[in-house]
Structures are given as C-alpha cells and as structure tokens.
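The model shown is predicted, which means the values in this text are computed figures rather than measured ones.
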Amino acid sequence: MNHVDDSKPVRVDAWLWAVRLLKTRSQAADACRGGHVKINGTAVKPAQQVVPGDEIRVWANHRETIVEVTRTIAKRVSAPVAKTCYVDKTPAPPPREMYAALPVRDRGAGRPTKRERRQIDKLRGRD
C-alpha cells in the first residue's frame with residue numbers, strides 16, 4: 001500500500017510526523033502552535049497545508065532543521081521512504097572547536113558581576 005501522493009496537500013503537523021522529523025503528531029502540532037514551524041518564512045498553525053516546493057523550518061531538540069518538500073505524505077512510513085519526501089537543506093553544525101573556545105566559569109564562583117557579564121558578552125560577540 002502506497003501512502004505517497006505527489007499532488008495532494010497535507011496538514012503540516014501530519015506531514016512532519018509522517019516523514020519522521022518529529023516523534024509524534026501531537027509534538028508536531030505543539031511545535032506549530034508554539035511558532036517553531038515556519039513554511040516559506042511564515043509561522044503556521046497545525047492545519048496549514050503543505051505542497052511540494054514549500055520550505056519548512058522546524059525548531060526542535062535545540063536545533064533548526066530546514067527541509068524542502070518534494071512529496072506529500074499522509075501516513076507514517078519507514079525512514080528510507082520518508083527521506084525521499086524532502087530535501088534536507090540544514091546547514092552543517094559548527095565545528096566542536098568553536099564550542100571548546102567558549103569560556104567556562106569555575107563551579108561555585110557565583111553569578112557573574114555586571115562587569116564580568118559585559119566581558120563575557122563581548123567575547124561571544126554580543127556587543
């Protein structure tokens with residue numbers, strides 16, 4: 001039984017669940033309601049329709065995933081089939097060396113003072 005239909009619009013929450021970008025459909029709906037799902041740059045509700053060619057940005061698990069819809073799908077399928085329904089355009093994560101360069105505050109040193117906070121912000125490039 002083939003659940004893939006290239007032309008029929010599908011709800012964004014159902015599509016995100018079907019292609020395994022989010023674990024459950026309720027997680028997908030909650031992400032939409034929370035403004036963590038954007039279609040072509042616009043935050044959407046769970047019932048928003050998805051069609052091939054749409055760019056979807058999902059903020060989940062502390063990272064952003066950017067995909068372009070190539071096929072619409074209504075039911076959850078195996079991971080290999082799900083990967084054929086979108087093109088992953090997510091940029092590569094920053095190298096680990098960048099994380100190591102961030103300063104680490106000594107344990108038990110308390111909250112940073114205002115001066116220390118400004119120095120930390122300057123180091124992180126948040127002038």
[X] versus [Y], closest heavy-atom pair with distance:
X      : Y      : value
Leu22  : Ala28  : CD1-CA, 3.4 Å
Ala82  : Ala18  : CB-O, 4.1 Å
Arg111 : Glu116 : O-OE1, 4.4 Å
Arg71  : Thr84  : NH1-OG1, 3.0 Å
Ala14  : Val10  : CB-CG1, 4.2 Å

Hey, are Glu55 and Arg57 close enough for a salt bridge, meaning a charged N less than 4.0 Å from a carboxylate O?
yes
Could you tell me which residues satisfy side-chain contact (heavy atoms from CB on, under 4.5 Å) with [X], sequence neighbours excluded, listed by chain and number?
X      : value
Thr42  : none
Ala109 : Arg105, Asp106
Arg107 : none
Ser26  : Thr24

Checklist line | Test log, rule side-chain contact (heavy atoms from CB on, under 4.5 Å), inputs Val51 and Val69 | finding: CA-CA 7 Å; Val51 293; Val69 179; over 6 Å; no
Would you give the length of the straight line joining atom [atom1] of [X] to atom [atom2] of [Y], rounded to the nearest 0.5 angstrom?
X      : Y      : atom1 : atom2 : value
Cys32  : Arg11  : SG    : CZ    : 8.5 Å
Ile120 : Lys122 : CD1   : NZ    : 13.5 Å
His36  : Glu64  : NE2   : CD    : 11.5 Å

Is [Y] close to [X] at the side-chain level, that is, under 4.5 Å between some pair of heavy atoms?
X     : Y     : answer
Ile73 : Cys85 : yes
Pro91 : Ile66 : yes
Val19 : Tyr86 : yes
Trp59 : Val37 : no
Ile56 : Trp15 : yes

Q | Residue pairs passing the salt bridge (charged side-chain N to carboxylate O under 4.0 Å, His left out) test where at least one lies in residues 79-93, sequence neighbours excluded | A |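 Those involving residues 79-93 are Glu68-Lys89.
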So salt bridge (charged side-chain N to carboxylate O under 4.0 Å, His left out) across residues 35-45, not counting sequence neighbours, yields none
Residue list, salt bridge (Lys or Arg N to Asp or Glu O under 4.0 Å) with [X], at least two apart or on another chain:
X      : result
Arg25  : Asp13
Arg33  : Asp30
Arg117 : Asp121

Is there a donor-acceptor contact under 3.5 Å from the side chain of [X] to the main chain of [Y]?
X     : Y     : result
Arg20 : Arg76 : no
Gln48 : Val44 : no
Thr72 : Lys8  : yes

Report the C-alpha separation of Val50 and Ile39 in whole Å, then their side-chain angles, then the decisive distance to 0.1 Å, and conclude whether the side-chain contact (heavy atoms from CB on, under 4.5 Å) test is met.
CA-CA 8 Å; Val50 174; Ile39 297 179; 3.9 Å; yes
Asn40 meets the side-chain hydrogen bond (donor to acceptor under 3.5 Å, both in side chains) criterion, sequence neighbours left out, with Asp54
